[in-house]
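In this text the structure is predicted, and so the values were computed from the model without any measurement. Proteins come first, then strands; the chains are lettered A, B, ... in the order of their sequence lines, and each starts at number 1.
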There are 2 protein chains.
Amino acid sequence: MKKNPAITAQTRQNLTDAFWQLYSSKPIGKITIKEITAKAGYNRSTFYEYFTDVYDVLEQLENSLISKLQEVPMQQLSSSGDPFPLEALIRLYSEHRQYLTILLGDHGDPAFQRRIKASIKPLMKETLVVQGAKDGFELDYTLEYALSAMIGILSYRFNQENAPSIEDLTSLLGELSSEGVIGKLMGLRE
Amino acid sequence: MKKNPAITAQTRQNLTDAFWQLYSSKPIGKITIKEITAKAGYNRSTFYEYFTDVYDVLEQLENSLISKLQEVPMQQLSSSGDPFPLEALIRLYSEHRQYLTILLGDHGDPAFQRRIKASIKPLMKETLVVQGAKDGFELDYTLEYALSAMIGILSYRFNQENAPSIEDLTSLLGELSSEGVIGKLMGLRE
DNA sequence: TTAAATCATACGACATATTGTCGGATAAAT
DNA sequence: ATTTATCCGACAATATGTCGTATGATTTAA
């Protein structure tokens with residue numbers, strides 16, 4: 001008998017959903033398998049047919065999310081003449097906001113932030129090198145700098161109550177990218 | 001009989017040290033109290049005289065670290081005419097590198113990064129406002145941007161094998177602060 | 001078309017590990 | 001000698017991971 005992908009996929013999804021509900025409100029170390037299966041409506045043993053432990057659920061979830069993130073930016077990241085694809089990154093974050101705010105939030109996974117950067121950086125690097133940029137420590141660290149700032153800002157913005165509009169944010173980020181932090185701070189002095 | 005601060009402080013420290021050894025190599029959710037007390041040479045029950053659970057150890061450790069970080073930058077952050085205290089932040093990170101690389105690393109605590117920013121940002125903001133900067137969304141987000149980038153870069157640098165020298169890094173960060181990411185990326189084109 | 005065989009899916013039960021909370025042993029200070 | 005801070009041993013409750021097995025759907029053969 002062949003596996004029935006429809007059924008197993010559904011069960012896997014139910015378990016993952018239940019995990020995600022819990023993970024949204026508390027750190028992974030305080031989530032028990034009993035809680036997950038109870039919420040999803042399965043026997044606790046069934047969990048072990050799909051995952052090895054609680055961390056495994058998160059890992060598989062992150063993998064599929066990283067894959068999705070990889071699909072989109074390929075074109076967008078390299079399209080415009082802009083050396084830094086500000087709006088594409090904002091759009092990317094907004095589209096997956098539901099997961100990213102949690103994974104990058106207070107009891108999210110720090111390793112995930114590194115993985116995101118590691119998956120986007122080579123794409124951007126390639127594009128820039130083709131455009132004539134010198135590939136070395138400076139390029140690598142400049143991209144690390146920019147991506148860290150972007151992720152930090154977007155996580156901050158999407159967790160905030162009275163958040164500024166996307167337009168205002170985009171405009172500010174554009175200024176920071178071209179003027180630099182110091183330029184902006186000097187400009188804020190009257 | 002009065003409490004003997006010397007003894008309890010020592011026990012607390014031993015337990016914290018043992019916890020830290022474990023935390024340096026695996027996520028907090030996989031650390032058991034049994035492991036901690038075994039490594040520190042105490043009975044498991046003794047742990048509960050000092051901490052409520054494993055997360056409590058981390059929390060107390062973070063609190064004392066945040067306090068230490070608060071002490072230093074007060075003067076340094078507001079001293080120079082520079083609107084952004086690049087070198088002070090690099091020095092601050094280097095001094096507490098041992099803890100920061102772990103806490104900001106792959107199985108560190110995302111909430112800690114937010115806490116660091118939240119503790120440093122008001123100090124910087126105050127200084128800048130005194131110097132005439134307008135206090136609003138732009139200032140707040142600019143600082144969030146800069147601190148995210150700094151923390152991201154420094155964590156990256158201090159986890160790297162063949163890391164660039166502090167001088168090269170300082171120089172690059174200076175350029176990024178004054179030229180912006182785009183300015184730097186344009187400059188890298190030959 | 002029907003009936004039997006087969007196998008994927010989910011479950012119940014077991015042994016072991018971890019947790020949190022007692023009351024009590026020990027040793028040091030008064 | 002008495003008191004009490006510090007640490008420990010033992011207990012009940014909960015969580016973990018791994019079995020073998022029931023169920024029910026699909027395949028195979030009559």
- Pairs meeting criterion salt bridge (charged side-chain N to carboxylate O under 4.0 Å, His left out) with involvement of residues 119-128 of chain B, two or more places apart: B:K121-B:D140, B:K121-B:E144, B:K125-B:D140

- Message: Between C1' on C:dT18 and CG on B:L22, what's the gap in Å once rounded to a whole number?
- Response: 15 Å

- Message: Check the phosphate of C:dT9 against A:T11, side-chain N and O only, distance under 4.0 Å to OP1 or OP2. Yes or no?
- Response: no

- Task: Return the value, rounded to whole Å, for the distance between atom CG of A:L15 and atom C1' of C:dC11.
- Result: 14 Å

- Message: Centroid separation under 6.0 Å, is that true for the rings of B:F51 and B:F47?
- Response: yes

- Message: Near DNA chain C, counting only heavy atoms under 4.0 Å, which residues of residues 27-36 of chain B show up?
- Response: B:T32, B:I33, B:K34

- Query: Are A:R157 and A:Y93 in a cation-pi contact, defined as NZ or CZ under 6.0 Å from the six-membered ring centre and within 45° of the axis?
  - Reply: no

- Item | Non-neighbouring partners of A:D106 that pass salt bridge (Lys or Arg N to Asp or Glu O under 4.0 Å), sequence neighbours left out | B:R114

- Message: Rounded to whole Å, how long is the line connecting atom CG of B:N14 with atom P of D:dT6?
- Response: 14 Å

- Item | Nearest-Å distance for atom pair CG/P, residues B:D53 and D:dT14 | 17 Å

- Message: If you only use heavy atoms from C-beta on, which nucleotide in C:dT19, C:dC11, D:dC7 is closest to the side chain of A:Y42?
- Response: C:dC11

- Rounded interatomic separation in angstrom, taking CD from A:E49 and C1' from D:dT21: 12 Å

- Query: From C:dG20, C:dA10, D:dC8, pick the nucleotide closest to the side chain of B:Y48?
  - Reply: C:dG20

Check nucleotides 12-16 of chain C against the protein and report each pair of N or O atoms closer than 3.5 Å, with its distance, or say if there are none.
residue : atom : partner : partner atom : Å
C:dG12  : OP2  : A:N43   : ND2          : 2.9
C:dG12  : N7   : A:S45   : OG           : 3.4
C:dG12  : O6   : A:S45   : OG           : 2.6
C:dA13  : N6   : A:S45   : OG           : 3.4

- With A:E87 via salt bridge (Lys or Arg N to Asp or Glu O under 4.0 Å) - residues at least two apart: none

- Query: In terms of side-chain geometry, is the basic nitrogen of A:E175 or A:K184 positioned less than 4.0 Å from the acidic oxygen of its partner?
  - Reply: yes

- Query: Considering residues at least two apart in sequence or located in another chain, which fulfil the salt bridge (Lys or Arg N to Asp or Glu O under 4.0 Å) criterion with B:R115?
  - Reply: B:E62

- Item | B:Y50 OH to B:N14 CG distance, which is reported to the nearest 0.5 Å | 9.5 Å

- Query: Should the pair A:E35-A:K26 be classified as a salt bridge under the 4.0 Å nitrogen-to-oxygen rule?
  - Reply: yes

